[in-house]
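The structure under discussion appears below in the form of structure tokens.
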Amino acid sequence: MSQELAPRLDPRAIEPPRYRAWQEGGYFHVSADAVLEEGREPYVIVIPPPNVTAVLHMGHGLNNTVQDVLIRWRRMQGRAAVWVPGTDHAGIATQNVVERQLAAEGKHRDDLGREKFVERVWDFVNETGPVILDQLKAIGASCDWGRTRFTLDPELSRAVREVFVHLYEKGLIYRGEYIINWCPRCLTALSNEEAEGEETAGSLWHFRYPLAEEAYGAAETAYEAALALRAEQADGDEAEAEEPEAEEPETPAPIGIGRFDDGRWYVTVSTTRPETMLGDTGVAVHPDDERYQALVGADIELPLTGRRIPIVADDYVDPTFGSGMVKVTPAHDVNDFEIAGRTGLDVLDVMNPDATLNDAVPAPFRGVDRFEARKAVLSALEKEGLVGGREDHAHSVPHCYRCGTVVEPRLSDQWFVKMKPLAEPALEAARDGSITFTPPHWKRVYEHWMENIRDWCISRQLWWGHRIPVWYCACGETIVAREDPDACPKCGGTELEQDPDVLDTWFSSQLWPFSVFGWPEQTDDLKAFYPGHAMVTAPEILFFWVARMVMMGYEFHGEAPFSQIYLHGTVRDAQGRKMSKSLGNGIDPLEVVERFGADAMRYTIVSQCAVGTDISLDHEDVEAAFANGRNFANKIWNAGRFALLSLGEAPVRPLSEVEGDLELEDRWILTRTTEAGRAATSALERFRLHDAAEGLYHFFWGDICDWYLELVKGRLGPESDPASREAARTTLVTVLDRAFRLLHPVVPFVTAELWSRLPWPAGESRPEDLIVAAWPDGADGFADAEAGRGMAEVQSLVGEVRRLRKEYGIAEGERITVHVTGAGAALMDALAAQAIALERMARVGRVESSAGTGVGAHAVLESGAELFVPLEGVIDIEREAGRLRDEIDRVEGQLEGTRGRLANEKFTQNAPADVVQKERDKATQLEEQGGKLREKLASLEGG
RNA sequence: GGGCGCGUAGCUCAGUUGGUUAGAGCGCUACGUUGACAUCGUAGAGGUCAGAGGUUCGAGUCCUCUCGCGCCCACCA
């Protein structure tokens with residue numbers, strides 16, 4: 001080749017131009033015609049759209065590398081492979097970012113007003129939105145960029161409207177007052193999924209609520225009942241205690257009724273949120289609880305409020321927890337709200353949207369922050385002697401998934417999606433295998449969620465997002481419409497007010513697999529590319545996104561939006577912590593690309609990407625973390641460079657013309673190439689990217705570089721036999737062509753660069769670019785099992801000679817003579833043909849086919865061939881004898897195990913025939929090997 | 001409280017339906033620069049597969065328990 005290739009791969013020199021060439025060549029784009037007109041089979045992946053505000057991190061690096069490997073592989077298979085890119089408007093996250101910007105300017109969104117604020121967000125998004133997609137280009141992502149979508153694009157917004165109205169008309173979207181998760185910082189409702197429980201060490205306080213005076217009689221009755229129950233239980237416990245294995249008696253059921261020193265009666269209730277007592281409208285007991293039946297219907301004088309609240313009976317109450325009496329705060333607890341619904345208790349909202357207490361509470365607590373109120377209520381109750389105790393209590397406290405603030409359950413008027421009917425087909429899809437999960441255990445997680453699905457609160461009190469398509473007329477009419485209405489259909493009034501809320505961000509992203517193709521229009525793209533195939537994402541958004549996409553797929557298309565769900569792991573640091581901005585333990589993929597190249601990053605990631613496991617990368621030593629990938633890319637580069645230089649400019653002949661001249665190593669490496677193609681294909685089909693990458697790594701480095709290139713070096717020069725030379729050149733070109741194709745999905749740049757310079761067999765058509773070269777799946781490749789056995793002999797001989805050389809410290813430069821006997825003719829021929837290679841690889845100067853005499857090192861190969869290396873004066877006979885004895889011990893140890901198995905009838909009868917046969921062959925081989933070793937030892941000791 | 005997963009070499013992890021002598025990368029040791037590559041080559045050290053019991057002719061692999069770690073779900077106040 002006339003063009004100089006640097007001895008080191010410089011990714012910065014080859015990657016950007018290569019990527020540009022692909023883009024300009026239009027290789028990432030596939031039109032609907034390819035499917036609809038040309039009949040090509042589609043393969044579709046839609047990207048999990050990153051937030052517009054996001055900056056590329058290693059998680060994106062992993063996610064998108066995986067998708068790109070799959071897309072490139074399928075593209076090479078000839079599929080109409082489309083990877084649709086885009087971004088998500090990310091309602092809360094984006095609004096928060098812009099609000100922070102405003103705050104830095106000393107402003108609040110109210111200062112701007114809705115319209116101006118949204119404009120401002122658009123400005124921000126237009127500026128930063130494309131950044132992350134551009135960053136994806138640096139890692140080699142072969143997205144169909146012309147199809148880039150944003151969840152707030154007009155077309156996608158139309159899809160949102162269509163879905164909302166459809167579901168509303170079907171009765172699956174409704175509005176109502178329910179307890180929702182309220183974030184007092186973001187000032188919006190959240191879905192259940194957006195409120196993340198966090199285990200917290202809190203307190204459980206016990207309060208004494210005074211009973212109303214007219215209930216004292218009932219209290220006495222109840223108290224007696226409770227005492228009687230306790231006595232009964234004590235008897236029971238004693239009876240049990242007589243049994244030898246009886247465990248410690250349980251603590252007796254507590255009595256939640258008591259008297260103050262002044263004789264007034266009270267009941268005990270417990271809470272982790274004392275401030276909510278101001279909103280209590282009742283106390284509940286279990287209807288079958290013998291202790292408290294007499295009290296049902298009695299009144300309590302709720303402290304601090306002057307209100308009287310009743311004691312009610314409800315099944316929800318667990319009699320074994322605490323006192324068995326529960327304070328009921330219907331406006332601030334889901335369960336309490338339900339109790340109120342069943343028992344008719346009042347619902348008293350005591351908290352404002354910003355989580356300060358409102359006018360419904362007594363003066364001293366009004367307008368107070370909820371956590372301040374907690375302290376105030378506690379101290380007030382303590383002052384009145386109403387706090388019966390406190391204990392440590394670990395429990396899960398929900399936090400806002402965007403800002404981390406403790407979420408407040410609060411009664412609120414919101415829009416919901418009724419999920420049960422939507423979940424049914426999506427659940428069935430997992431059960432009947434219409435959708436598959438990799439790794440498979442996620443199927444159960446998905447099913448569990450679907451089986452226990454709850455309605456989805458979709459309205460958000462934000463300004464950034466899809467406005468809810470609902471209008472209210474002064475006449476009381478509610479209009480839900482696909483198009484903005486001009487007038488009220490009922491009264492004709494034009495004073496319509498649109499619902500101020502926007503939709504949960506996930507409401508639009510759940511439509512992504514079809515909204516990106518223009519739905520609800522019946523576009524050609526939709527016909528060609530929907531449904532898609534693989535969904536590649538992280539398990540964190542299985543419920544947020546994946547599950548909902550499946551539901552929408554069934555609701556609007558009657559089938560799943562993709563058939564395979566591949567959930568990859570999380571990127572972690574060396575300590576196993578998830579990489580995150582706040583921990584500062586992240587690695588910037590762009591820095592990795594800049595320093596080591598996209599290929600290095602991709603290989604490092606993919607080779608670690610075993611199914612079901614996380615990926616760990618040391619952020620404190622980025623160089624070490626990516627060394628493997630960098631070294632491999634460089635190895636490919638240098639092997640290619642050497643081959644190109646050795647091949648020269650002369651035309652290469654097609655394989656069919658040189659087949660008769662192929663040598664052992666040619667036939668072997670061609671066979672290995674076929675096998676490598678098969679293995680890689682099988683691995684990729686099962687999402688075993690790690691297996692594919694590692695298999696190809698060892699094929700390229702181990703087989704091609706360490707063996708084939710070394711063996712073939714001597715044949716490529718001008719002084720070698722022309723027929724052998726041409727066979728070698730053709731083989732080398734063929735093998736590298738296939739190897740570059742196989743490696744291309746994982747390391748696209750270095751392979752494409754080298755491939756483009758590869759000479760091509762005369763008369764054979766050449767694909768225009770590696771990116772669209774046919775995938776060599778190995779189905780019809782070269783196969784010669786005999787060559788494999790022959791090469792194994794050569795390799796074991798070289799290995800043995802190398803070991804002996806090291807063992808006896810023979811200088812690197814010193815050539816030795818090797819005597820080989822008892823080997824097959826094929827090996828001897830190969831050895832004769834490989835004199836130059838043997839010289840280079842093991843410093844073998846000469847191979848003699850005689851036993852050899854005198855002092856030297858002895859060895860027996862697995863194949864039974866005997867090796868003798870004359871080393872007069874170099875080796876110590878005692879030491880050599882010791883080495884042989886060790887060797888004999890090793891062989892006999894193995895032989896013993898093998899014989900033991902063969903002597904066992906149960907083994908020979910039960911084990912598969914091939915396993916038994918292998919064992920027999922092994923025994924024969926070991927016996928032969930051992931015999932020869934003993935002979936050698938005897939002759940050594942005798943001589 | 002329920003469910004799931006993990007524990008294999010100094011480190012990070014592979015190990016498909018149980019079947020010869022358990023692998024890789026990085027790290028480590030020794031030697032090696034006559035032209036593909038020192039981001040390299042050759043050789044080597046290093047593992048009672050967390051522990052105990054069980055099933056089996058045979059267990060890293062299947063079952064039970066224990067210990068240690070992690071994740072998800074959940075309305076015990």
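Chain naming here is simple, since letters A, B, ... match the order of the sequence lines and numbering starts at 1 in each.
Looking only at side-chain heavy atoms (C-beta outward), A:Arg342 and A:Asp315 stay at 4.5 Å or farther from each other. Put simply, the side chain of A:Leu926 reaches to within 4.5 Å of the side chain of A:Gln929, judged on heavy atoms. Two residues are said to be in side-chain contact when any heavy atoms from C-beta on lie closer than 4.5 Å; A:Phe907 and A:Val915 meet this criterion.
In this structure, A:Val326 reaches the bases: a heavy-atom distance under 4.0 Å links it to at least one base atom across the strands shown. No engagement by A:His286 is indicated, since no non-hydrogen atom pair under 4.0 Å with the nucleic acid exists. Across all strands, A:Arg444 comes closer than 4.0 Å only to sugar-phosphate atoms, never to a base (heavy-atom distances). Nucleic acid contact for A:Asp318: base, since at least one base atom lies under 4.0 Å from a heavy atom of the residue. Base engagement by A:Pro912 is indicated by at least one non-hydrogen atom pair under 4.0 Å involving a base atom. Using a 4.0 Å heavy-atom distance criterion, A:Ser607 is classed as making no nucleic acid contact.
Ion pairing between A:Glu753 and A:Arg757 holds under the 4.0 Å rule for side-chain N and carboxylate O. Using a cut-off of 4.0 Å between Lys/Arg side-chain N and Asp/Glu carboxylate O, A:Arg444 and A:Glu447 are scored as not salt-bridged. Electrostatic pairing of A:Arg273 and A:Asp333 counts as a salt bridge here, judged by a charged N lying under 4.0 Å from a carboxylate O. Comment: A:Lys806 engages A:Glu812 in a salt bridge, judged by a side-chain N to carboxylate O separation of less than 4.0 angstrom. Contact check on A:Arg805 versus A:Glu814 returns no salt bridge, with no Lys/Arg side-chain nitrogen under 4.0 Å from an Asp/Glu carboxylate oxygen.
B:C76 atom P lies 20 Å from atom CG of A:Asp289, rounded to whole Å. One atom, CE of A:Met579, and another, C1' of B:U12, lie 12 Å apart when rounded to the nearest Å. B:U55 atom P lies 12 Å from atom NZ of A:Lys906, rounded to whole Å. A:Asp621 places its CG atom 13 Å from the P atom of B:C26, with the value rounded to the nearest Å. The CG-P distance, from A:Asp703 to B:A24, rounds to 14 Å in whole Å. At whole-Å resolution of the value, CZ in A:Arg815 and P in B:U34 are 13 Å apart. What separates CZ of A:Arg273 from P of B:C75 is a distance of 13 Å, to the nearest Å. For A:Asp914 and B:U20, the CG to C1' distance is 12 Å, given to the nearest whole Å.
Comparing the P positions of B:U33 and B:U16 gives a spacing of 43 Å, expressed to the nearest Å. For the C1' atoms, the distance linking B:C72 with B:C11 amounts to 28 Å, nearest Å. Annotation: B:G68 and B:U21 have their P atoms spaced 35 Å apart (nearest Å). To the nearest whole angstrom, the two C1' atoms, one in B:C49 and one in B:A24, are 16 Å apart. For B:C71 and B:C13, the P atoms lie 14 Å apart once the distance is rounded to whole Å. A gap of 13 Å separates the P atoms of B:A22 and B:U48, to the nearest Å. If you take atom P in B:G23 and the same atom in B:A9, they sit 14 Å apart, rounded to whole Å. Rounded to a whole angstrom, the distance from the P atom of B:U61 to that of B:G19 is 11 Å.
When each of A:Thr271 and A:Ser616 is assigned the nucleotide of RNA chain B with its nearest heavy atom, A:Ser616 is the one assigned upstream, toward the 5' end. Across the interface with RNA chain B, nearest-nucleotide mapping of A:Arg843 and A:Asp614 shows A:Asp614 to be the residue nearer the 5′ end.
Out of B:C26, B:C57, B:A77, the shortest distance to the side chain of A:Asn628 is found at B:C26. Among B:A77, B:U21, B:A74, the nucleotide with an atom closest to any side-chain atom of A:Arg901 is B:U21.
Looking at RNA chain B, the stems built from 3 or more consecutive Watson-Crick or G-U wobble pairs, each pair with its key distances under 3.5 Å, are B:1-7 with B:67-73, B:10-13 with B:23-26, B:28-32 with B:40-44, B:50-54 with B:62-66.
Residue A:His690 places no side-chain N or O under 4.0 Å from the OP1 or OP2 atom of B:G25.
A donor-acceptor contact closer than 3.5 angstrom links the side chains of A:Tyr209 and A:Asp280. A:Ser682 and A:Arg686 form a side-chain donor-acceptor contact under 3.5 Å, judged by distance and modelled atom types alone.
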| said: Quick one, A:Phe337 with A:Leu345, criterion side chain to side chain contact (heavy atoms under 4.5 Å, CB included). Give me CA distance, side-chain angles, the key distance, then yes/no. | reply: CA-CA 9 Å; A:Phe337 182 75; A:Leu345 289 180; over 6 Å; no

| task | Report the C-alpha distance between A:Val750 and A:Asn634 in whole Å, list the side-chain angles of each, state the deciding distance to 0.1 Å, and finish with yes or no for side chain to side chain contact (heavy atoms under 4.5 Å, CB included). | result | CA-CA 8 Å; A:Val750 67; A:Asn634 190 60; over 6 Å; no

| Reading nucleotides 36-49 of chain B 5' to 3', which nucleotides get B (base under 4.0 Å from a protein heavy atom), which S (sugar-phosphate only), which -? | BB-BSSBSS-----

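Among A:Glu892, A:Gln894, A:Glu927, the one residue that satisfies the side chain to side chain donor-acceptor pair (under 3.5 Å) test with A:Arg899 is A:Glu927.
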Contacts under 3.5 Å, N or O only, protein and nucleotides 69-73 of chain B:
none

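Close placement of the A:Trp701 and A:Tyr697 rings is indicated, their centers lying within 6.0 Å of each other.
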